[in-house]
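Structure, as structure tokens:
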Amino acid sequence: MFYETAQNAHGLRHDPFKAIVAPRPIGWIGTKAADGRLNLSPYSFFNAVADRPKLVMFSSSGHKDSVTNIEETGVFTCSLAGQHLAKEMNASSVAVPRGVDEFEIAGLTPVGGRLVDAPYVGEAYAALECRTTQILRPLDLDGRETDNWIVFGQVVGIHISPDILRDGMIDMAVARPLGRMGYMDYTDGGTGVFTMLRPRAD
């Protein structure tokens with residue numbers, strides 16, 4: 001089958017786009033507003049985009065509290081959403097009024113960053129402390145700004161629990177990072193792990 005996205009007349013029960021671009025890592029973004037209120041939200045449009053320097057990004061559909069807080073403070077954290085925190089991650093995705101603490105809703109422990117004034121999930125196996133480098137709105141084909149905000153941040157500090165370290169590396173079978181599939185589906189990145197070495201040109 002083929003369909004043009006302008007009409008989006010795919011004829012399926014649900015839009016398949018996000019099921020094709022999958023799995024997507026979950027950015028569990030922790031922020032603090034200028035008045036000290038905490039926020040925790042998962043974003044499935046998230047990824048690392050560079051390692052020299054270490055840069056990550058997430059995209060918010062609509063101008064949400066995470067973006068507002070980052071605009072106010074210039075910092076955020078990203079906690080690893082592992083399988084053992086799947087229910088808590090999902091609970092933190094609830095749409096609530098500004099100022100409601102999702103850490104409290106999900107029963108999670110907010111821990112202040114060492115280098116940035118933003119909270120991360122104390123129960124997470126790993127967390128990134130980030131300083132914002134850019135916030136931009138992507139354009140559509142007509143050159144118009146879309147209702148999306150992309151936040152880029154440079155990672156300035158990394159927390160790793162020794163519980164997931166084996167022989168000097170993170171053991172994915174223990175960390176079990178969650179990935180978002182299409183629809184309401186998720187995947188566990190710790191299962192079905194295999195290794196391939198990059199080929200060498202002769």
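With a 4.5 Å cut-off on side-chain heavy atoms, S59 and Y43 do not count as touching.
Around atom CZ of F17, no more than 12 heavy atoms belonging to other residues, nucleotides or ligands sit under 6.0 Å away. For D142, the CG atom sits in a packed shell: over 12 heavy atoms of surrounding residues, nucleotides or ligands are nearer than 6.0 Å. For K18, the NZ atom counts as loosely surrounded, since its 6.0 Å shell holds 12 or fewer non-hydrogen atoms of other residues, nucleotides or ligands.
With sequence neighbours excluded, the residues forming a side-chain contact (heavy atoms from CB on, under 4.5 Å) with L165 are I160, I170, listed by chain and number. Checked against side chain to side chain donor-acceptor pair (under 3.5 Å), D117 has the following partners two or more places apart in sequence or in another chain: K32. For D147, there are no side chain to side chain donor-acceptor pair (under 3.5 Å) partners two or more places apart in sequence or in a different chain. For the salt bridge (charged side-chain N to carboxylate O under 4.0 Å, His left out) test, no residue two or more places apart in sequence or in another chain qualifies with R166.
Pairs of residues two or more places apart, or lying in two chains, that qualify as salt bridge (Lys or Arg N to Asp or Glu O under 4.0 Å) and include a residue from residues 95-106 are D65-R98, E72-R98.
No donor-acceptor distance shorter than 3.5 angstrom exists from the side chain of R114 to the backbone of E129, with no hydrogens or angles considered.
Of the candidates T191, D188, D171, R176 forms a side-chain hydrogen bond (donor to acceptor under 3.5 Å, both in side chains) with just one, namely D188.
D140 and T146 share no side-chain donor-acceptor pair at under 3.5 Å.
Applying the under-4.5 Å side-chain rule to Ile, Leu, Val, Met, Phe, Trp and Tyr, the cluster around Y120 extends to V111.
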